[in-house]
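For clarity, every value in this text was computed on a predicted model and none was experimentally measured. Residue numbers start at 1 and run along the sequence shown.
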Amino acid sequence: MSSSEGAPESWISSFCSLMGHEFFAEVSEDFIEDDFNLTGLQSQVPMYKEALEMILDVEPEDDEDEEEEEEEEDEDDEILGDERPPGYRRAGDRRHTRVASDLSVIESSAELLYGLIHQRYITSRPGIQQMLEKYEMQHFGTCPRAYCTGCKVLPVGCSDTPGQETVKLFCPSCQDLYTPPNSRFHSVDGAFFGTTFGCLFFMTFPDLDISPRLDAPVSSHSAAHANIQSRASGSLTAGANRGMPEGTPQNQPAEINGMRTISFCPGLGAGRIYESKIYGFRVSERSRAGPRMKWLRMKPTDIRDLDEMARYQAVHGTGPNDGDSEMGTTPGTAQSAAAIAARKKAPMRRRRQHPDQMSINGAEG
């Protein structure tokens, strides 16, 4: 294959341009050539060396025995002449047959190896930046849930082991997984994206705005309420209240523990859960046709209820990491601090080692 300029296209570019591979990022060759990034993959991929050479477009080295085999073939032709035993084949023909049969195995191994490398690459700094560009350009699609109002999704995997699950789409608005609607993605292995990438992506970019889009259908009351708040004060607190359902307490914090509160599951909560009704009456949860697992869609009205650090300090009077410090202890934690200090000052008891006993690690003492 060749590009428009006439230069040959690399194996990585051709692989990522195949139909159904739109989710993949093009891994740089510098990342692949670093042996540290490929640690442990040699035992997972058959024909590892040949697959790596195919990915990097490296021509395999010619065997030194090829010339000797050709010389032996010529000698056999001179000796046998036209008289050859039945089933006789030249060594060159046998070699070409072997290469043709191994080529399909090498191609499948190269796809597996590239997928495992891709799983590690998208968690690195250049890889996650490349996936951010694809995410912002909406290459992965949007959430099919109605109350998420077109929130952009991210490809993730349910397992890090190849052959377990296909790729899924993670929606940060409802914190749920969906199967890609297009069937061409149903054959993509989810292990090529892994279980780490989705959470690490949104922790790396906490400023991503995953709130409902401006062109999404919203009620006029909530839109007017958001406009009044934004005109009243240009602070971040007003921005945190944008898109909140009716009845939300005022002066919600803009950030909690470094995360923007506007990104805390904006597609969940009151007013964003479908209620099944018959003639205007809600269907009971005890009914066979009633709602199931509705609590998974719940969200506290006051976003400050999600601040676990503040709740811990309100109950215990100190932070969870302040127990070891001797300064600033409150009377409620004085007893626990004294117990910790006593354990620190207690002399260590050394265990006597006997030559006939086995140690903890299983080695003889």
> Tell me the ring-ring contact (aromatic ring centres under 6.0 Å, His included) pairs involving residues 107-131, sequence neighbours left out?
Replying inline: W11-Y114, F15-Y114, F24-H118, F31-Y121, H118-F193
>> Once ring-ring contact (aromatic ring centres under 6.0 Å, His included) is applied, do any residues pair with F205, and if so which ones, sequence neighbours excluded?
In response: F201
> Are side-chain heavy atoms of T166 and H186 found at a separation under 4.5 Å?
Replying inline: no
> How would you list, by chain and number, every residue that makes a side-chain contact (heavy atoms from CB on, under 4.5 Å) with S187, sequence neighbours excluded?
Replying inline: none
> Strictly by modelled atom types, are S284 and S287 linked by a side-chain donor-acceptor pair under 3.5 Å?
Replying inline: no
> Which salt bridge (Lys or Arg N to Asp or Glu O under 4.0 Å) pairs, counting each pair once, include a residue from residues 143-168, with sequence neighbours left out?
Replying inline: none
>> Quick check for you: to the nearest 0.5 Å, what is the distance between D35 atom CG and L52 atom CG?
In response: 8.5 Å
> What residues, two or more places apart in sequence or in another chain, satisfy side-chain contact (heavy atoms from CB on, under 4.5 Å) together with E133?
Replying inline: none
> With S159, which residues qualify under side chain to side chain donor-acceptor pair (under 3.5 Å), at least two apart?
Replying inline: none
>> My understanding is that only residues two or more places apart in sequence, or in another chain, count here; which of them pass side-chain contact (heavy atoms from CB on, under 4.5 Å) with C171?
In response: C143, C148, C151, V153, S173, C174, Y178
> Who pairs with T204 by side-chain contact (heavy atoms from CB on, under 4.5 Å), at least two apart in sequence or on another chain?
Replying inline: I128, L200
> Which heavy atom of F185 sits nearest a heavy atom of G20, and at what distance?
Replying inline: CD2-O, 3.5 Å
>> Give me each pair satisfying salt bridge (Lys or Arg N to Asp or Glu O under 4.0 Å) with a member in residues 179-195, each pair once, sequence neighbours excluded.
In response: E22-R184
> Taking atom CD of E53 and atom CD1 of I55, what is their separation to the nearest 0.5 Å?
Replying inline: 11.0 Å
